[in-house]
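Lettering follows sequence order; numbering is per chain, from 1. All values derive from a computational prediction rather than experimental measurement.
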Amino acid sequence: MEFRYITQIDEAVKSLEAFKEDKYLFIDTEVAVKSFEDIDFFNDKIRLIQIGNYSKIFVYDMFRIPQFSEHLKELLENKGVIGHNLKFDIKFLKTNFGIFPQIVFDTMIASQLLSEDSREKHSLSALSYRLTDNHLDKSQQRSPWGIKNLTEEQLRYAAKDVQVLREIFPVLRDELNRIETPHKATGKIHETFGLDNGVAVVEMAFVPQLADIELRGMPVDEKLLKDMLQKVSTDYQREYIDFVRRYGVDPFSPQKVTNWLTSKLGLKLPTTQKGSLSSQDSALRRYIDREEVRKLLHIRSEKKILDKLKELKAHLINGRIYTQFKQIGAPTGRMASMRPNLQNITRDLRVLFRPPEGKKLIVADYSQIELRIAAEYVNDETMIKAFSEGKDLHRFTASLILGKEYDQITKDERQMAKAINFGLIYGISPRSLMEYARNSYGVDISLKDAQIFHSRFFEVYKGFKSWHDRVKEYLKEHNKMVVYTLLGRRMVVRRFTEAVNFPVQGTGSDLLKMAVVFFGKLKEDRDAGIVNLVHDEIIVECSESIADEIRDILSESMLRAGKILLKKVPVEFEVEIVESWAEK
DNA sequence: TGCACCAGCGCC
DNA sequence: AAACGGCGCTGATGCA
């Protein structure tokens with residue numbers, strides 16, 4: 001492998017000649033970080049930028065030639081950029097040099113989209129080995145990139161990544177193109193890389209959007225967070241001491257709690273295969289009328305709130321919290337958020353998320369999106385009709401199952417139907433339905449009623465019945481099944497529950513990602529940006545003065561995505577301009 | 001003491 | 001044969 005290490009500006013500028021004819025380039029960066037565990041995207045510095053085409057590789061030392069970044073901006077924002085885990089590089093390029101590449105192909109994302117096994121690794125070295133049979137030595141990855149004179153080994157290592165990229169890119173692209181997708185790819189990403197796969201084009205366009213979201217961070221009312229932490233902390237400590245003094249049991253020891261509840265109180269709790277260990281979770285809620293159980297659940301949820309407040313505080317930087325997303329966090333395409341997780345914030349803590357003076361939040365979420373997707377996906381005529389007539393589906397289901405007038409359905413009945421709708425589209429059993437209705441919706445139904453509702457549901461929604469039957473039949477015969485979302489995201493499943501879940505949940509993530517990509521395009525350079533994403537919800541922060549306009553752009557983006565994926569069922573969503581996340 | 005596992009619980 | 005799925009964080013537990 002040949003490469004050139006460049007430390008002089010005139011040499012750097014001259015090297016650009018080599019890339020004149022290229023539509024896309026292979027890139028990587030090495031960053032001098034203070035701590036590999038806790039990377040600081042705002043203060044850590046890019047040391048090297050490696051750029052190559054199919055014949056040349058240049059390694060630019062940005063400590064020596066910082067002024068070269070102006071030329072790089074021109075280059076990297078106008079050509080296609082191929083790299084591995086580009087969200088990382090894009091974030092540093094943006095904070096260090098104001099460079100924001102948007103026509104990208106990410107080999108990690110490509111590999112994840114192609115994967116048929118969720119245990120598969122997607123590191124560059126894993127890909128190199130899998131696709132080209134070469135072992136890639138990553139021992140230099142965590143070497144000190146800030147030292148004055150980089151070693152020959154470090155430079156070699158840096159250049160090597162680019163060589164690997166150009167070997168694996170065509171393989172990944174061609175594999176993606178081989179998958180039949182219902183939506184034809186269009187636009188710059190498609191033309192630049194010759195990428196036809198619709199899902200892949202959306203995911204690639206999403207990469208820089210997600211980098212932007214992470215860099216914005218979510219605004220937090222710092223004083224409120226600190227006050228709340230103080231209060232919850234003292235309350236909790238008192239309650240904990242109180243609990244232990246009263247019952248003599250550690251509420252967080254599963255063994256001791258099980259022992260206590262069964263022997264002293266005579267409760268019947270299920271046991272897991274681990275013998276003495278017992279799985280309490282939902283079973284405990286059966287005994288919610290016992291004071292001890294109520295106290296136990298209460299202290300546990302207090303602890304949960306305290307933990308979350310601590311977690312938020314630990315990640316607070318100048319009034320904002322910067323999470324990290326895994327773009328494909330689940331095989332369905334859903335994202336995952338970590339350090340901290342901003343996708344499991346409870347209702348009562350959302351009040352903490354509040355923009356500074358002069359800014360507003362816009363909170364938008366799709367309504368009953370999984371049900372709408374499921375209706376479209378299985379082509380259930382009854383459900384599609386109900387949705388297209390603008391019916392409230394939970395009320396509608398209640399009326400069909402109970403044989404009552406649509407307008408006569410009570411709040412409780414609607415609540416029960418909610419449990420039925422969400423549970424039964426995925427084939428929940430009558431027994432589990434009973435538990436689920438109680439634990440998640442606070443509705444008590446007998447096993448007998450659960451059985452009746454179960455069978456009535458499938459009489460009414462025949463499309464769901466035949467879908468479930470088809471899937472069961474197929475799996476019985478083949479023991480695995482390839483399923484697709486409405487955008488064409490492909491998944492290989494082995495279990496019935498996966499086979500019915502994945503296409504629906506997966507289409508949900510297709511939809512959200514498309515909406516985000518549209519929003520990024522439509523908002524142009526207005527002072528607005530997304531600050532959090534929660535599966536079917538988009539949270540935007542913007543200047544107060546343009547809030548109305550941004551709200552409309554967001555609505556348009558969500559509607560446009562909906563119209564592309566759902567042809568028979570209308571999408572609906574709520575959008576609101578608010579002072580805090582809690583206000584919705 | 002450190003590590004892997006999981007139970008429990010928050011969100012969609 | 002029966003089955004709703006996905007995630008991350010904390011801390012108990014069991015083992016080396």
Nucleotide nearest [X] when distance is taken to its side chain, options [options]:
X        : options              : answer
A:Asn344 : B:dC11, C:dA3, C:dC7 : B:dC11
A:Ala336 : C:dA3, C:dG5, C:dG8  : C:dG8
A:Ile428 : C:dC4, C:dG6, C:dA3  : C:dC4
A:Tyr426 : C:dG8, C:dA3, C:dC4  : C:dC4

Please tell me if [X] has a side-chain N or O lying less than 4.0 Å from either OP1 or OP2 of [N].
X        : N      : answer
A:Arg334 : C:dC7  : no
A:Lys303 : C:dG11 : yes
A:Ser337 : C:dC7  : no
A:Lys326 : C:dG8  : yes
A:Thr346 : B:dG10 : no
A:Thr332 : C:dG5  : no

Rounded to whole angstrom units, what separation is found between the [atom1] atom of [X] and the [atom2] atom of [N]?
X        : N      : atom1 : atom2 : answer
A:Leu312 : C:dG8  : CG    : C1'   : 13 Å
A:Phe453 : C:dC4  : CZ    : P     : 18 Å
A:Tyr441 : B:dC12 : OH    : P     : 10 Å
A:His454 : C:dA3  : NE2   : P     : 9 Å
A:Met491 : C:dC4  : CE    : P     : 20 Å
A:Asn532 : B:dC12 : CG    : C1'   : 12 Å
A:Gln343 : B:dC12 : CD    : P     : 10 Å
A:Leu306 : B:dC9  : CG    : C1'   : 15 Å

Just distance, no hydrogens or angles: give the donor-acceptor pairs under 3.5 Å from side chains in residues 533-540 of chain A, sequence neighbours left out.
from	atom 1	to	atom 2	distance (Å)
A:Glu537	OE2	A:Trp581	NE1	2.9

Discussion item. Within 45 degrees of the ring normal and closer than 6.0 Å to the centroid, is that where the cationic atom of A:Lys91 sits relative to A:Phe41?
Written reply: yes
Item to complete: By nearest nucleotide on DNA chain C, pick out whichever of A:Lys472 and A:Arg495 is the more 5' one.
Response: A:Lys472
Worksheet, complete the sentence: Note: for A:Arg431 and A:Ala330 on DNA chain C, the residue whose nearest nucleotide lies more 5' is A:Arg431
When you measure only distances, ignoring hydrogens and angles, does the side chain of [X] come within 3.5 Å of the base of [N] through a donor and an acceptor?
X        : N     : result
A:Asn341 : C:dG8 : no
A:Arg339 : C:dC9 : no
A:Glu498 : C:dG5 : no

Worksheet item: What's the verdict on side-chain contact (heavy atoms from CB on, under 4.5 Å) for A:Lys303 and A:Phe252, showing C-alpha distance, side-chain angles and the deciding distance?
Response: CA-CA 10 Å; A:Lys303 178 65 162 41; A:Phe252 301 106; 3.5 Å; yes
Mind checking [X] for me? I need base, sugar-phosphate or nothing, with any heavy atom below 4.0 Å counting as a touch.
X        : value
A:Ile305 : nothing
A:Tyr436 : base
A:Phe252 : sugar-phosphate
A:Glu311 : sugar-phosphate

Practice prompt. Please measure how far the C1' atom in C:dG8 lies from the corresponding atom in B:dC5, and state the result in whole Å.
Written response: 15 Å
Worksheet item: With rounding to whole Å, what would you report as the distance between B:dG10 and C:dA3 at their C1' atoms?
Response: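 Each nucleotide's C1' atom is 24 Å from the other's.
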Discussion item. I'd like to know if A:Glu579 pairs up with A:Lys360 as an ion pair, taking the criterion as any Lys NZ or Arg NE/NH1/NH2 lying under 4.0 Å from an Asp or Glu carboxylate oxygen.
Written reply: yes
Worksheet item: Got more than 12 heavy atoms from elsewhere within 6.0 Å of CD, A:Glu556?
Response: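 Yes - once you tally the heavy atoms of other residues, nucleotides and ligands closer than 6.0 Å, there are more than 12.
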Worksheet item: Any luck finding a side-chain donor-acceptor pair between A:Asn421 and A:His394 under 3.5 Å?
Response: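 A:Asn421 vs A:His394: donor-acceptor pair found between side chains.
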Identify every side-chain donor-acceptor pair in residues 362-369 of chain A under 3.5 Å, counting partners at least two apart or on other chains, and give the distances.
from	atom 1	to	atom 2	distance (Å)
A:Asp365	OD1	A:Lys584	NZ	3.0
A:Tyr366	OH	A:Met558	O	2.8

